[in-house]
Structures are given as structure tokens and as C-alpha cells.
Amino acid sequence: MSNLMTIDGEPLSYQHEQWSAKQTSVLTLLAHRPVKLSAIQVPDHFRQYQQRLLLGRLSHQAGIVNLQTACYQQGGTLAQLPSWVFLTVAKIPILKTTYLNWYLAIFLALRGASRRLSRQELRVLILKTLQPRLATRPCLRSARHLKQALVDTVISELITAAVIVPQAAGWQLQASRLAWRKG
């Protein structure tokens, strides 16, 4: 059994477990719940360095031109993206693209959204950005559960990054967290 994690532009990290077929019963294998890899996290003082390194590594990939073009069309560049758009915690590699591609799509969609969103509107917005980027067969879990888990994770990350603030009827978007960085 293998367990994979990734940060955009970094090598995949993995965990591997092996059992002897002669000594392990099928029931034991079915009951086994693997312990997930400890999360790779970039310390705060290395975030800027990690972002520049990520952009440098991605610059050698074909899709980077599309990302840069999307930024230009909205009046910014990849280097001016807010720090919350860049991954600093490893994620399961289940997208057809990089996580930066997805988070950029979320950033641009939130910039174009009204400043107040209902809970359902926010979920739909995030789901619309995820749909074209999710791998065809990302894992053994049901696609519906996987999508909901990804949307929930993004919402909690947006709260942590102070991009959205809970309101009685939904969410308030923070314009300062949706602005291009000066640079």
C-alpha cells in the first residue's frame, strides 16, 4: 500500500507499507487504517522563498503560460498573487493540474464575485473551479465525497487566510485579501 502527497513543484513524498501474504489475513488487511504521512509544511519565514522556487520550477512546464495569461487578463502577474494562493501544506495529488492552477482559478472567481456570498454560492463557486481540474479517477473514494471534502478544505483555508469572514447569512469577502500584491 502506498500513500502519496505533493506540494506543487516538489517531488512526491510517499509512504509504503508491505505485508507478507503468508502471515497476514485478508480480514487484517481490510481492517487496516494507514496512518497518513505527517504534513509537509513550509515555515512562515520560508514562504516567499518557496513561492519564488515554485514559480521557477513551474516556469519550465507548458501550463505556466496559461496561468500567466490568466493573471495578465485580470491586471496582475503570478508573482503578484496573494500568498494564500500558493500551497504551503502537502496535498494528495488528485488534480489534472497543479494546485496553483486551481487556487488561481478560485482567486480569480472570488475577485469577480459579489462581496457577500451565501454558503451555497461559495460552495458552487469553488466546485465550478474544481470540476475541470479534478482527475478522471482520482481515488477509490466516491467522487462526490472527494469533491465535498476538497471544497470543505478550501473553505477552511480561506477562513484561515482571512479571505472570507463568516456572516449570519453566508460569507463576506475581504477585498484586501483578493488584491494583487504590490511588486
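Just so it is clear, the structure is predicted and the values come from calculations on it, not from any experiment. FYI, the numbering just counts along the sequence from 1.
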Mind checking whether L178 and V124 sit in one hydrophobic cluster, side chains of I, L, V, M, F, W, Y counted as touching below 4.5 Å? no

Examine F86 and I159 and state if one hydrophobic cluster contains both, with Ile, Leu, Val, Met, Phe, Trp and Tyr joined whenever side-chain heavy atoms are less than 4.5 Å apart. yes

Verify whether one side chain among R115 and Q174 offers a donor that lies under 3.5 Å from an acceptor in the other. no

Could you check whether Q131 and K147, counting side-chain N and O atoms only, form a donor-acceptor pair closer than 3.5 Å? yes

Under 3.5 Å, is there a donor-acceptor pair between the side chain of [X] and the main chain of [Y]?
X: R181; Y: L81; result: yes
X: Q74; Y: L108; result: no
X: Q68; Y: V65; result: no
X: E121; Y: S118; result: yes

Gap between atom [atom2] of [Y] and atom [atom1] of [X] - 0.5 Å precision:
X: Y99; Y: T97; atom1: OH; atom2: OG1; answer: 9.0 Å
X: L95; Y: L130; atom1: CG; atom2: CG; answer: 6.5 Å
X: I164; Y: I155; atom1: CD1; atom2: CD1; answer: 6.0 Å
X: L110; Y: I126; atom1: CG; atom2: CD1; answer: 6.5 Å
X: R111; Y: I106; atom1: CZ; atom2: CD1; answer: 15.0 Å
X: R177; Y: L158; atom1: CZ; atom2: CG; answer: 10.0 Å

What I'd like to find out is whether the side chain of L146 reaches to under 4.5 Å of the side chain of L134, using heavy atoms alone. yes

Min side-chain heavy-atom separation L67-L78 under 4.5 Å: yes

Both conditions, 6.0 Å and 45 degrees, for the charged tip of R119 above the ring of W171: are they met here? yes

So does K96 have more than 12 non-hydrogen atoms from other groups sitting under 6.0 Å from NZ? yes

Would you call the rings of Y103 and W84 parallel, tilted or perpendicular, taking 30° and 60° as the class edges? tilted

Does the gap between the ring centers of W102 and F107 come in under 6.0 Å? no

Quick check: closest heavy atoms across [X] and [Y], and the distance to 0.1 Å?
X: L125; Y: A113; result: CD1-CB, 4.0 Å
X: V85; Y: L104; result: CG1-N, 3.8 Å
X: P82; Y: A179; result: CG-O, 3.7 Å

Worked verdict on T129 versus V154 for side-chain contact (heavy atoms from CB on, under 4.5 Å): CA-CA 11 Å; T129 62; V154 168; over 6 Å; no

Candidate pair R123 and D152, rule side-chain contact (heavy atoms from CB on, under 4.5 Å), full reasoning: CA-CA 8 Å; R123 294 186 79 76; D152 291 341; 2.8 Å; yes

